[in-house]
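The sequence lines fix the lettering, A, B, ..., with proteins before strands; numbering per chain opens at 1.
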2 protein chains.
Amino acid sequence: MKVYYCNLEVTMEVIGGKWKGLVLYYLMKGPKRTSELKQLVHGITQKMLIQTLRELEADGLVSRKMFNQVPPRVEYSTTELGQSLEPVLRALCQWGDGYADKTFAEGEFQILNNEF
Amino acid sequence: MKVYYCNLEVTMEVIGGKWKGLVLYYLMKGPKRTSELKQLVHGITQKMLIQTLRELEADGLVSRKMFNQVPPRVEYSTTELGQSLEPVLRALCQWGDGYADKTFAEGEFQILNNEF
DNA sequence: CAGCATCCAGTCGGATACTG
DNA sequence: CAGTATCCGACTGGATGCTG
């Protein structure tokens, strides 16, 4: 039996790690093809993208739709459960915004995608 | 210059990782001594506790107060900036609560600390 | 009590090459 | 285009022993 000592752990297990939050962030705005995601999530490698998507799928936050075409076409989108994370991710983004303003010195950082 | 591609990254850099969120979670309820934290944050080792506290301190979320006593006494508490994470952590907890209810099968999990 | 140093296993994640 | 396989370095985090 899996034991958690706080609900925080549950959530972090699902959106923690380097890429999960970001991938979800973009999928929430609408379904995306694999290649689109690869461009949107700056710096992610193919391996990590696929791996991240598989994990999100296993956790029921993302669904995968395959079209029988050549060349192959695959679309990912958030499930209802995944979409329910929207206010959470929004809160994380907003806090990060405020934190960056207060903490980082001018010219020492840059945030390229601000709006949720 | 440090570049972020989304504010999400900023926040995750600060509260991501295995222990940071949990330590903050308990500190938000009030100042704690090192030994208290070690008991509250179930499963954390001394090394990780200290390391986590140092990182939170460096990020300006936690402050460290030392009393000149023998035996030594050290107290940690959240700064104003750290306290501002309260709604964020609360959102993470609440979502985890709902997720666990919907997703986990009865008797396959246990959450020992539910209330924020 | 609070903290540091050391050692070490496991995981994470990046680079690259390859398949249908 | 979407995905897999492999290799490997770097980092995370745990165990233990020691200091003031």
Problem set entry | Contact interval (first through last nucleotide) of DNA chain C with protein chain B, 4.0 Å heavy-atom | C/dC1 to C/dC7
For this session: Using heavy atoms and a sub-4.0 Å distance, could you list which residues of residues 14-21 of chain A are near DNA chain C? By number, please.
Result: A/Lys18, A/Trp19
Problem set entry | DNA chain C contacts made by residues 54-69 of chain A, counting heavy atoms under 4.0 Å | none
For this session: Flag yes if B/Met66 and B/Leu49 sit in one hydrophobic cluster, no otherwise; membership is Ile, Leu, Val, Met, Phe, Trp, Tyr, and two members link when side-chain heavy atoms are under 4.5 Å apart.
Result: yes
Please report, rounded to the nearest Å, how far the [atom2] atom of [N] is from the [atom1] atom of [X].
X	N	atom1	atom2	answer
A/Lys47	D/dC8	NZ	P	13 Å
A/Leu53	D/dT4	CG	P	11 Å
A/Lys38	D/dT4	NZ	C1'	13 Å
A/Met48	D/dG9	CE	P	18 Å

Residue list, side chain to side chain contact (heavy atoms under 4.5 Å, CB included) with [X], at least two apart or on another chain:
X	answer
B/Leu40	B/Tyr26, B/Lys32
A/Thr79	A/Ser63, A/Leu81
B/Gln46	B/Lys38, B/Ile50
A/Gln110	A/Leu112, B/Met1, B/Val3

Exercise. Partners of A/Gln39 by side chain to side chain donor-acceptor pair (under 3.5 Å), sequence neighbours excluded?
Worked result: none
Exercise. What pairs with A/Arg33 under salt bridge (Lys or Arg N to Asp or Glu O under 4.0 Å), at least two apart in sequence or on another chain?
Worked result: none
For this session: Please state whether the rings of B/Phe104 and A/Tyr4 are parallel, tilted or perpendicular, taking 30° and 60° as the class boundaries.
Result: parallel
Look at the side chain of [X] and the backbone N and O of [Y], then say whether any donor-acceptor pair between them is shorter than 3.5 Å.
X	Y	answer
A/Glu55	A/Thr52	no
B/Ser77	B/Pro31	no
A/Tyr76	A/Glu57	no
B/Lys20	B/Met12	no

For this session: May I ask you to say what B/Gln51 touches in the nucleic acid, namely base, sugar-phosphate or nothing, with a heavy-atom cut-off under 4.0 Å?
Result: nothing
Exercise. At under 4.0 Å, does any side-chain N or O of A/Arg33 touch on OP1 or OP2 of D/dA2?
Worked result: yes
Problem set entry | Sequence neighbours excluded - salt bridge (Lys or Arg N to Asp or Glu O under 4.0 Å) pairs with any residue from residues 74-91 of chain A | A/Arg73-A/Glu75, A/Glu86-A/Arg90
Exercise. Could you state the interatomic distance from OG1 (A/Thr11) to CG (B/Leu92), rounded to the nearest 0.5 Å?
Worked result: 5.5 Å
Problem set entry | Nearest-nucleotide 5' precedence on DNA chain C, A/Gln46 against A/Gly43 | A/Gly43
Quick test: give all pairs of protein nitrogen or oxygen and nucleotides 18-20 of chain D nitrogen or oxygen below 3.5 Å, distance rounded to 0.1 Å.
none

Exercise. Which is it for B/Trp95 and A/Leu85 under the side chain to side chain contact (heavy atoms under 4.5 Å, CB included) test, yes or no, and what are the steps along the way?
Worked result: CA-CA 7 Å; B/Trp95 189 88; A/Leu85 267 168; 3.4 Å; yes
Seminar exercise, completed: Rounded to 10°, the helix from C/dC1-D/dG20 to C/dG20-D/dC1 deviates from straight, judged by its five-pair end axes, by 40°
Problem set entry | Considering all heavy atoms, the nearest B/Tyr25-B/Cys93 contact | CE1-SG, 3.9 Å
